[in-house]
Amino acid sequence: MIRAVEPDTHTSAPVLAAYRYCEAVTGQQARNFAYGIRLLPTPKRRAMSALYAFSRRVDDIGDGALPDDVKAARLEDTRALLTRVRDRAVDEDDTDPVAVALAHTAQHFPVPLGGLDELIDGVQMDLRGETYETWDDLKVYCRCVAGAIGRVSLGVFGTEPGARGVERAPEYADTLGLALQLTNILRDVREDAEGGRTYLPADDLAKFGCSAGFSGPTPPEGSDFAGLVHFEVRRARALFAEGYRLLPMLDRRSGACVAAMAGIYRRLLDRIEREPEAVLRGRVSLPGREKAYVAVRGLSGLDTRHVTRRTVRRRA
């Protein structure tokens, strides 16, 4: 069991200000995750915003326009920040609000900070221009940039006492992260190609005649692009199905948060499946009202009950 410890009620003004900064970053930039995070009670919401703000900083370094050597140096700075957080060497009046909020979160929740090191490792893989021959190769990258974040977030959510199979909760959180990342990769295939990045496994691209890449709004001539997308969608759906087994292990509001975040991505996957070539014309997204519906559905516990019933039938 992973027990989240609620922060004390006497949080200092500098720490509250640091959390407000992180929540502002989350509200402005977490176009999908913010819908889930806002369902959490205040202490967990603040902690998740601190994790998001740190992760956003790492991602922005990797996606920015700076020279690679400058990016590498800044990534090492973020790793040094993690060392300071581990050593409890961040003062409340530190000038970096993300450092202050993350340090407070780490002191009050059993967050495995090594997962944030893995995130940095993943962005460094991008800097090296790594490509992936097989799904097993790509999984290593996905676990760094998304699976690890699932495991870190589980430290904030905690697990319910007596939940069946709870020892596998980190595994399910990791798998759900993989599902979200593979969905991201499908959605951003054109944008990534324009940035010189290819994430889909080379053997999958070859199988469907897409090895030439995606430099325009139409698939490579003679390719089965729809077949490729549907193949990857099936893989993502299997990951979602496995990762959703985490939901019954969480308390109601943590489960609602995870169900909302994952539900938005599952609906994105539905849209991509219906119109595969849309990802070559621009970024596929959901309207705000649909995201809000998914958040309400998560809070209702429908997804958790569905997973619970399915698990009971499997055991019967």
Side-chain angles (χ1 to χ4, degrees), residues 31-33 55 58-60 62-64 68 71 118-150 174-243 261-262 264-286:
R31 290 185 292 265
N32 292 324
F33 288 164
S55 301
V58 175
D59 286 343
D60 285 348
D63 293 337
D68 285 353
K71 289 183 179 182
E118 291 181 55
L119 172 62
I120 297 171
D121 292 339
V123 175
Q124 287 176 328
M125 293 169 73
D126 281 336
L127 290 188
R128 294 194 296 269
E130 293 199 16
T131 56
Y132 308 96
E133 290 297 317
T134 67
W135 167 238
D136 284 341
D137 296 333
L138 180 58
K139 276 196 295 188
V140 174
Y141 171 78
C142 292
R143 286 210 158 96
C144 285
V145 299
I149 301 304
D174 183 281
T175 300
L176 204 51
L178 265 64
L180 268 60
Q181 187 61 25
L182 183 53
T183 305
N184 263 336
I185 288 170
L186 286 172
R187 181 193 62 183
D188 298 340
V189 66
R190 168 79 183 277
E191 181 181 327
D192 289 332
E194 290 175 345
R197 296 176 181 172
T198 301
Y199 291 105
L200 290 176
D203 59 359
D204 292 352
L205 295 175
K207 185 186 303 180
F208 293 95
C210 294
S211 297
F214 313 106
S215 57
T218 57
E221 187 175 352
S223 69
D224 180 11
F225 180 72
L228 171 68
V229 170
H230 291 152
F231 178 80
E232 303 297 349
V233 165
R234 288 193 296 273
R235 175 175 278 156
R237 288 196 192 285
L239 292 168
F240 273 116
E242 181 73 6
M261 292 189 292
I264 288 170
Y265 276 80
R266 288 183 73 184
R267 283 174 175 258
L268 281 174
L269 204 62
D270 291 342
R271 290 197 169 203
I272 292 168
E273 183 180 37
R274 287 196 299 269
E275 192 178 359
E277 291 188 22
V279 299
L280 298 178
R281 298 192 294 269
R283 173 172 284 215
V284 177
S285 61
L286 300 182

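All residue numbers in this chain count up from 1 along the given sequence.
- Pairing each heavy atom of G213 with each of P220, the nearest pair is O-CG, 3.2 Å.
- Side-chain contact between S223 and F208 is absent, with no heavy atoms from C-beta onward closer than 4.5 Å.
- Taken from CG in L239 to CG in L180, the straight-line distance is 10.0 Å, to the nearest 0.5 Å.
- Contact detail for A236 and T183: the closest heavy-atom pair is CB-OG1, 4.3 Å.
- Here the shortest heavy-atom pairing between A206 and S211 reads CA-OG, 3.3 Å.
- Within the 4.5 Å cutoff, no side-chain heavy atoms of V189 are placed close to those of V229.
- R271 places none of its side-chain heavy atoms less than 4.5 Å from the side chain of S285.
- Contact of the I120 side chain with the Q124 side chain is registered, since non-hydrogen atoms from C-beta on lie closer than 4.5 Å.
- Of all heavy-atom pairs between E232 and P201, the closest is OE2-CD, 4.2 Å.
- Between V123 and D63 there is no side-chain heavy-atom pair separated by less than 4.5 Å.
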Could you pull out every donor-acceptor pair under 3.5 Å between side chains of residues 273-282 and any protein atom, sequence neighbours left out?
residue: E273; atom: OE1; partner: R237; partner atom: NH2; Å: 2.6
residue: E275; atom: OE2; partner: R281; partner atom: NH2; Å: 2.3

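- Within the 4.5 Å cutoff, the side chain of M261 has no heavy atoms near those of the L176 side chain.
- For the pair L178/L182, no side-chain contact is recorded, criterion being any heavy-atom separation below 4.5 Å from C-beta on.
- Taking the charged nitrogens against the carboxylate oxygens, E118 and R143 have no contact shorter than 4.0 Å, which rules out a salt bridge.
- Smallest separation of non-hydrogen atoms from A262 and F240: O-CE2, 3.8 Å.
- For the atom pair CG (L200) and CG (L138), the distance works out to 7.5 Å, reported to the nearest 0.5 Å.
- By the side chain to side chain contact (heavy atoms under 4.5 Å, CB included) test, A146 pairs with Q181, sequence neighbours left out.
- Two residues are said to be in side-chain contact when any heavy atoms from C-beta on lie closer than 4.5 Å; F33 and I149 fail this criterion.
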Only pairs under 3.5 Å count here: list side-chain donor-acceptor contacts from residues 125-135, not counting sequence neighbours, and write none if there are none.
residue: D126; atom: OD1; partner: Y141; partner atom: OH; Å: 3.4
residue: D126; atom: OD1; partner: Y199; partner atom: OH; Å: 2.8
residue: D126; atom: OD2; partner: Y141; partner atom: OH; Å: 3.0
residue: D126; atom: OD2; partner: Y199; partner atom: OH; Å: 3.3
residue: R128; atom: NE; partner: E130; partner atom: OE2; Å: 2.9
residue: R128; atom: NH2; partner: E130; partner atom: OE2; Å: 2.8
residue: T134; atom: OG1; partner: D136; partner atom: N; Å: 3.4
residue: T134; atom: OG1; partner: D137; partner atom: N; Å: 3.2
residue: T134; atom: OG1; partner: D137; partner atom: OD2; Å: 3.2

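- In this structure, T175 and G243 approach most closely via the heavy-atom pair CG2-N, 4.0 Å.
- Here the CG atom belonging to L228 is positioned 9.5 Å from the NZ atom belonging to K207, to the nearest 0.5 angstrom.
- Only one option out of I185, D192, L205 pairs with T198 in a side chain to side chain contact (heavy atoms under 4.5 Å, CB included); it is L205.
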